[in-house]
Amino acid sequence: MRMRKDDGVVGLLMNAIWLGTLVLKVWALVDCVGRPTPAFSLHNKLTKPGWLAILAVAALAGVLTGPIGFLGIAGTIAAIVYLVDVKPAVSGQSY
């Protein structure tokens, strides 16, 4: 997804959305790599390899397809679920 000269404001906005969602997906993936494996099953969450696979596919789909489309939206939702639900649980910050 590259911005052309004639895209104007809409193209700039789409690039900003694409970059923002890609950063979100990569942040979730990197965070998941650093979490201890036993913490996932201890807190009744999907296993660490499962989350790594989901987030890796999400990040790859974000690079290849952009933010708009089924895979882009599904990947963004998966990253948000990880960051809002799983990350606090496996890091000991459950509320």
Side-chain angles (χ1 to χ4, degrees):
M1 177 175 223
R2 302 272 184 214
M3 192 170 103
R4 298 182 314 243
K5 288 183 181 180
D6 59 343
D7 283 345
V9 175
V10 173
L12 185 61
L13 181 62
M14 288 301 295
N15 280 330
I17 291 170
W18 174 75
L19 183 60
T21 58
L22 184 61
V23 167
L24 182 79
K25 294 169 190 175
V26 171
W27 173 30
L29 179 62
V30 169
D31 183 81
C32 186
V33 168
R35 299 291 169 193
T37 302
F40 288 81
S41 59
L42 180 67
H43 296 286
N44 295 322
K45 302 296 179 187
L46 182 64
T47 63
K48 181 177 179 176
W51 273 110
L52 286 173
I54 290 169
L55 295 172
V57 168
L60 183 63
V63 169
L64 297 177
T65 66
I68 305 301
F70 178 74
L71 289 177
I73 293 171
T76 301
I77 291 170
I80 291 170
V81 167
Y82 173 81
L83 291 171
V84 171
D85 181 45
V86 179
K87 180 184 175 202
V90 297
S91 66
Q93 299 174 358
S94 299
Y95 297 102

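Scope of the values below: all heavy atoms of this structure, side chains included, with no hydrogens, waters or symmetry mates.
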Results of side chain to side chain contact (heavy atoms under 4.5 Å, CB included) for Leu24 - residues two or more places apart only | Trp27, Thr76, Ala79, Ile80, Leu83
Compile the donor-acceptor pairs under 3.5 Å between side chains in residues 52-62 and protein atoms, sequence neighbours left out, one pair per line.
none

Side chain to side chain donor-acceptor pair (under 3.5 Å) with Lys48: which residues, sequence neighbours excluded?
-> none
Going by the salt bridge (Lys or Arg N to Asp or Glu O under 4.0 Å) test, which pairs reach into residues 61-86, not counting sequence neighbours?
-> Lys45-Asp85
Can I get a per-line list of side-chain donor-acceptor pairs under 3.5 Å for residues 31-42, giving both atom names and the distance, sequence neighbours left out?
unit_1, atom_1, unit_2, atom_2, d
Asp31, OD1, Arg35, NH2, 2.8
Asp31, OD2, Arg35, NE, 3.2
Asp31, OD2, Tyr82, OH, 2.8
Ser41, OG, Pro38, O, 3.3

Is Leu29 reachable from Val84 through a run of hydrophobic residues whose side-chain heavy atoms are each under 4.5 Å from the next?
-> yes
Members besides Leu71 in its Ile/Leu/Val/Met/Phe/Trp/Tyr cluster (side-chain heavy atoms under 4.5 Å) | Phe70
